[in-house]
Structures are given as structure tokens and as C-alpha cells.
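To keep things clear, I will list the structure first and then write my remarks on it.
If you're wondering where the values come from, they're calculated on a predicted model, not measured in any experiment. Atoms within a ligand are numbered from 1 in the order they appear, just like the ligands themselves. We use all heavy atoms of the structure for the numbers below, so side chains are in, but hydrogens, waters and symmetry mates are not. For the single chain, residues carry numbers from 1 onward in sequence order.
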Amino acid sequence: MMITLSQFIPKHLNTHNLPIDLGSVLETIVAACVRINGQVRQGALAGILGEAGTGNVQGEEQKKLDVIANRLLIDALKTNPAVAGLASEEENTFVACNKDGGYLVLFDPLDGSSNIDVNISVGTIFSILAKPEGALTTASFLQKGRDQAGGGYVLYGPQTQLVFTLKHGVFVFTLDEAGSFVQTLANPQVPEQTKEFAVNMSNQRHWFASMQQYIAELLAGDTGVRGKNYNMRWVASMVAEIHRILMRGGVFMYPQDRRNPVKPGKLRLMYEANPLSLVLEQAGGAAGNTVQDMLDIQPESLHQRVAVVMGSREEVEYVAKLHYE
Ligand code: AHM
Ligand code: MG
């Protein structure tokens with residue numbers, strides 16, 4: 001029997017004694033993503049490909065669709081009384097929403113947007129936190145990944161899929177023709193072992209020694225210490241890579257490199273690494289920054305960057321071991 005999101009959420013909240021407001025926050029995020037999906041599907045037909053001509057707080061060029069997706073999420077979340085505030089990869093600071101709200105939402109509205117103009121999968125990543133008591137400040141958002149109330153993503157790929165966890169397993173829904181998300185998978189498990197890795201090899205010469213060694217071992221295949229041949233994939237859309245890993249295993253990396261010693265990586269802890277790590281951990285995978293479990297990192301700022309190694313447990317633990325040696 002197919003279950004739609006609107007049937008699933010009340011049942012799931014009830015089974016696990018979760019707050020109704022949490023379900024309503026998730027539904028608001030998903031409704032905004034259905035609208036983003038409509039825009040992504042239109043592309044050139046709606047004249048919304050290409051650069052917006054603006055930069056975000058991190059000095060990155062924004063695409064028109066980055067700006068549109070960001071606006072759709074902010075507008076939707078502000079109307080939900082359960083949302084106290086939000087933070088977006090595309091906004092300088094957090095945005096206060098509703099005074100009595102119990103939840104905070106952090107998101108990357110359109111991850112992988114360098115791919116949008118060439119019709120390759122992109123996604124929206126979201127993280128939901130309980131709002132701490134007291135006035136809303138940046139500190140209210142700086143919670144460890146392990147304390148997330150939920151997180152997930154919508155992948156705008158050949159199919160549009162919603163993947164999320166409220167910390168009771170992972171659920172996969174597929175958008176049908178009528179615009180409803182229908183559950184197509186429950187509790188996918190990331191295989192513990194893999195023969196597939198994902199990393200941007202063009203940065204290889206900049207990596208630190210342990211990462212150089214790890215990738216050299218994978219490339220050596222069955223002639224090296226790992227004793228098996230590995231395959232490589234790089235979509236340059238993190239959501240698409242993490243979805244592939246959720247479905248069939250693998251390890252995804254965006255390591256720190258030597259070019260900018262104060263920048264610990266390219267990807268963002270709060271908008272990308274934490275929610276995707278929560279999904280993978282809930283599915284039996286693992287995630288870290290090479291020295292620490294991702295979900296145990298105490299965030300220091302909203303737009304903090306982090307080195308990322310996530311996916312099949314055996315590889316993530318192997319990388320951590322190499323970094324200790
Ligand atoms: P974005 O949030 O600006 O889209 O950047 C994040 C993306 C990830 O989806 C992807 O893994 C990575 O950047 C790709 O980087 P590169 O261009 O170095 O391959
Ligand atoms: Mg991103």
C-alpha cells in the first residue's frame with residue numbers, strides 16, 4: 001500500500017510520541033520544496049537559469065534559482081507559527097519568524113546549483129532544531145548535529161524524492177504526478193562496505209598527507225593494501241552523491257586542503273554536513289571530519305565550513321584511523 005506524506009506524518013508522530021508541531025514544520029518545508037521542484041522543472045521555459053548577478057555572504061555567485069528557492073522557503077516558513085527562526089546558506093544572518101515557535105530550520109535552498117544550468121540533479125537540504133528557551137540569537141542555532149530534531153533533503157533528479165529522518169529511521173518518498181509525496185521505501189540501510197568513492201580529484205595535490213595516502217590506496221585497487229578495486233563517481237551535487245550512497249553504499253569526501261589554512265573545507269556544517277550525516281547515521285552509515293564524528297562537532301558559527309567524509313562505515317572509520325596514525 002502506498003502512503004502519502006500527509007498520511008504518514010500523523011501516524012509516525014503518534015507512534016513515536018513526537019510533537020505535532022514537528023510534523024507541521026516538516027510539511028511546510030516539503031510544500032516549499034514542491035514549489036521549488038516546479039521551478040527547477042521549468043528551467044529555461046521560465047527564464048530562470050543563469051546567474052542572479054548577486055553574491056551571498058560567502059562571496060559565492062548566486063544563481064537565479066538559488067535566490068528563488070531561498071525566497072520560497074523563507075516565505076513558507078514565516079507563515080508557520082511553529083517556526084521561531086530560520087537560517088539559510090544564502091542569508092547573512094538568521095531570520096526571526098514567529099515569537100512563540102518551538103522550532104528552528106536551517107537549509108541550503110539549492111545545493112549543487114553549479115549544475116542547474118546543465119540539467120544535472122540538484123537538491124534542497126534541511127535541518128530542524130528545537131528552539132532553546134529564551135531570546136532568539138545566533139547561539140540558539142549553534143547546536144550539535146546530534147541534537148537535531150530531524151533533517152533530510154529533496155532531490156530534484158530524474159525523480160523528485162524526499163528523504164528524511166525524525167530520528168526514528170529514514171523514509172524515502174517520491175513525488176507523484178498529482179504533486180503528492182508517496183512513500184516508496186522505508187529504512188534503507190547503507191552497506192557497511194563499499195567499492196565506490198566520490199571526491200573531486202582535481203584538488204588532490206592540495207590535500208594533506210593522510211588523505212593523499214587514503215586515495216592512493218583506493219586507486220591502487222587490488223594491487224594495494226585494500227585488496228579490491230574501487231570505482232569513482234563525482235556529480236558535484238552533494239545531495240545526489242549522498243542519495244546514491246544511501247541506496248547502494250559508497251564514501252563521499254570533501255577534504256580540507258592546504259590552500260587556505262583557516263578554511264577547514266568547502267562544505268557547510270549546519271546546512272549540508274549535519275542533516276546529511278543524520279540521515280546516513282540513521283541508515284547505519286557514518287560521518288566525520290576525519291578526527292571527530294560530524295554529529296559531535298560543537299558549531300561556532302552559522303556558516304562554518306567543515307571537512308567531510310561520509311558514507312559506508314568501514315571507509316569512514318578507515319579514514320579516521322589513518323588520520324590518527
Ligand atoms: P553549493 O552549496 O554552492 O551548491 O556548493 C556545494 C556543492 C556540493 O553539492 C558539491 O559536493 C560540491 O559543492 C562540489 O564542489 P566542486 O565544484 O569542487 O566539485
Ligand atoms: Mg550547498
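- Of the heavy atoms in D111, both backbone and side-chain atoms come closer than 4.0 Å to ligand 1.
- A 4.5 Å side-chain heavy-atom check between F107 and I29 finds every atom pair outside the cut-off.
- Taking any N or O of V239, backbone or side chain, none lies under 3.5 Å from an N or O belonging to ligand 1.
- For ligand 1, none of its N or O atoms has an N or O atom of S114 under 3.5 Å away.
- Contact between V122 and ligand 1 is absent, with no heavy atom of the residue lying under 4.0 Å from the ligand.
- For the 3.5 Å distance criterion, the side chains of T124 and Y156 qualify, holding a donor opposite an acceptor.
- Salt bridge K266/E272: absent, no basic N to carboxylate O contact under 4.0 Å.
- For E89, every heavy-atom contact with ligand 1 shorter than 4.0 Å involves the side chain, none the backbone.
- A donor-acceptor pair shorter than 3.5 Å cannot be found between the side chains of T4 and S180.
- Of the polar atoms of N200, at least one N or O is found under 3.5 Å from an N or O of ligand 1, judged by distance alone.
- A side-chain donor-acceptor contact under 3.5 Å links D66 and S113.
- Between the side chains of Y254 and N203, at least one donor-acceptor pair of N or O atoms lies under 3.5 Å.
- Applying the 4.0 Å criterion to heavy atoms of M238 picks out, from ligand 1, the atoms 8 (C), 9 (O), 10 (C), 11 (O).
- The closest approach between any non-hydrogen atom of W234 and ligand 1 is below 4.0 Å.
- For ligand 1, the atoms lying closer than 4.0 Å to a non-hydrogen atom of S237 are 9 (O).
- Applying the 4.0 Å criterion to heavy atoms of E272 picks out, from ligand 1, the atoms 2 (O), 6 (C).
- Annotation: W234 is in aromatic contact with F252 [ring centroid separation under 6.0 Å].
- A donor atom on one side chain and an acceptor atom on the other are found under 3.5 Å apart for H243 and Y153.
- Per-residue contacts place Y254 under 4.0 angstrom from the following atoms of ligand 1 (heavy atoms of the residue considered): 15 (O), 16 (P), 18 (O).
- Within ligand 1, counting atoms from 1 as listed, the ones closer than 4.0 Å to a heavy atom of L267 are 6 (C), 8 (C).
- Under 4.0 Å from ligand 1, the heavy atoms of D108 that appear belong solely to its side chain.
- Between K64 and E51 there is no salt bridge, since no side-chain nitrogen of the basic residue lies less than 4.0 Å from a carboxylate oxygen of the acidic one.
- Polar contact check, F252 against ligand 1: no nitrogen or oxygen pair lies under 3.5 Å apart.
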